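What you see is a predicted model, and the numbers here were worked out from it, not measured in a lab.
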Amino acid sequence: MSEELKDIVGKHLLYKYANGWQYEIYIKNNTTIDYRIHSGLVGGRWVKDQQVHLVKLSSTTAIFKFSWTEPTGTSVSLSINLDERRLHGTIFFPRWIIDEPQKTVCFQNDHLDEMRQHRDRGPTYPIEVIDEFADIIFVEDCKENDETIIACAPSQLSNGCTNHA
């Protein structure tokens, strides 16, 4: 693990956007995350082994930026401030997801070819931009590359696992 990223790798976070959407992320290593979407447009969706670009933005505080593009064509940028337990996320949804979000509500890893086919069929434009702040409502230190942290759909969790606020 990069020394610069030691404060974020292995973290398991639950966060709630100002619009009420609730997400969960596990920073598996320097280049990979797992996540679950508990509520919102694509609530119920979950993903393992999403490749990301991860950098530390500050030399004095625990502020990090994640960026990635999914097989669906969705692009995401997250800025996480661990010290203040705040997050800013920008999600760039292609039009096909806005029109038919239910097509993505699944364990994406079992449907990668299908997600790419939907993406390629589109439509892509106009892209819907969701730009929101979130409060980090749960933080847990876990080991790196732990496959048990996000291992089931949000619907398979007990209520106590998603309501840490």
>> Please evaluate residues Gln50 and Val76 with respect to the criterion side-chain contact (heavy atoms from CB on, under 4.5 Å), reporting the C-alpha separation (whole Å), side-chain torsions for both, the decisive distance (0.1 Å), and the verdict.
In response: CA-CA 11 Å; Gln50 175 65 55; Val76 179; over 6 Å; no
> Under the salt bridge (Lys or Arg N to Asp or Glu O under 4.0 Å) criterion, do Glu147 and Lys48 qualify, and how do the steps go?
Replying inline: CA-CA 9 Å; Glu147 296 297 333; Lys48 292 184 71 68; 3.2 Å; yes
>> Let's go through Arg116 and Asp113 carefully: what are the C-alpha distance in whole Å and the side-chain angles of both, what is the deciding distance for side-chain contact (heavy atoms from CB on, under 4.5 Å) to 0.1 Å, and is it a yes or a no?
In response: CA-CA 5 Å; Arg116 290 182 191 106; Asp113 288 339; 3.4 Å; yes
>> Between Thr72 and Trp96, does the side-chain contact (heavy atoms from CB on, under 4.5 Å) criterion hold? Intermediate values first, please.
In response: CA-CA 9 Å; Thr72 62; Trp96 76 267; 3.8 Å; yes
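In this structure, the side chains of Thr61 and Asn81 stay at 4.5 Å or more apart for every pair of heavy atoms. Leu82 places a side-chain heavy atom less than 4.5 Å from the side chain of Leu13. For the pair Leu78 and Ile25, the minimum side-chain heavy-atom distance is below 4.5 Å. You'll find the side chain of Asp99 stays beyond 4.5 Å of the side chain of Phe93, heavy atoms only. Ile37 is not listed as a side-chain neighbour of Pro154, based on a closest heavy-atom distance of 4.5 Å or more.
Considering every non-hydrogen atom in both Gly20 and Ser39, the closest pair reads O-OG, 3.4 Å. Across all non-hydrogen atoms, the minimal contact from Leu157 to Cys152 is CD2-SG, 3.7 Å. In terms of heavy-atom proximity, Arg36 sits nearest to Ala151 at NH1-N, 3.8 Å. Between Ala62 and Lys56, the shortest heavy-atom contact is CA-CE, 4.5 Å. Closest of all the heavy-atom pairs between Tyr35 and Ile150 is CA-CD1, 3.6 Å. The two atoms that bring Cys106 and His111 nearest to each other are SG-CD2, 3.6 Å, heavy atoms only.
Atom CH2 in Trp46 sits 7.5 Å away from atom CG in Asn109 (nearest 0.5 Å). Note that CD1 of Ile149 and CG of Asp34 are 9.0 Å apart. Values are rounded to the nearest 0.5 Å. Note that CG of Leu54 is 6.5 Å distant from CG of Asn30, once rounded to the nearest 0.5 Å. To the nearest 0.5 angstrom, Phe64 atom CZ is 11.5 Å from Ser79 atom OG. In this structure, CG in Asp110 is found 10.5 Å from CE in Met115, a value given to the nearest 0.5 Å.
When the side chains of ILVMFWY residues are joined at heavy-atom separations under 4.5 Å, either directly or via intervening members, Val139 and Tyr26 end up in two distinct hydrophobic clusters. There is a path of hydrophobic side-chain contacts, each under 4.5 Å, that joins Val47 to Ile80. Hydrophobic clustering (side-chain heavy atoms under 4.5 Å, transitive across Ile, Leu, Val, Met, Phe, Trp, Tyr) groups Ile33 together with Leu5.
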Could you go through residues 121-130 and list every donor-acceptor pair under 3.5 Å that involves a side-chain atom there, pairing it with any protein atom two or more places apart or in another chain?
unit_1	atom_1	unit_2	atom_2	d
Arg121	NH2	His118	ND1	3.2
Glu128	OE1	Arg95	NH2	3.0

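Side-chain heavy-atom separations under 4.5 angstrom define the hydrophobic clusters, and the remaining members of the one that includes Val55 are Leu57, Ile63.
A salt bridge does not link Arg119 to Glu70: none of the charged side-chain nitrogens sits closer than 4.0 Å to a carboxylate oxygen.
Listed by chain and residue number, Tyr15, Tyr23 satisfy the ring-ring contact (aromatic ring centres under 6.0 Å, His included) test with Tyr17 (two or more places apart in sequence, or in another chain). In terms of the salt bridge (Lys or Arg N to Asp or Glu O under 4.0 Å) criterion, residue partners of Asp49 (sequence neighbours excluded) are, by chain and number, Lys28. Under the ring-ring contact (aromatic ring centres under 6.0 Å, His included) criterion, Phe133 pairs with His88, sequence neighbours left out. Here Trp21 pairs with nothing under the ring-ring contact (aromatic ring centres under 6.0 Å, His included) rule; sequence neighbours left out.
Judged purely by distance below 3.5 Å, without hydrogens or angles, the side chains of Thr31 and Asn29 pair a donor atom with an acceptor atom. A side-chain donor from one of His12 and Glu140 sits under 3.5 Å from a side-chain acceptor of the other. Of the N and O atoms on the side chains of Gln51 and Thr32, at least one donor lies less than 3.5 Å from an acceptor on the other residue.
Of the listed residues (Arg45, Gln22, Lys16, Glu24), just one forms a side-chain hydrogen bond (donor to acceptor under 3.5 Å, both in side chains) with His38, and that residue is Glu24.
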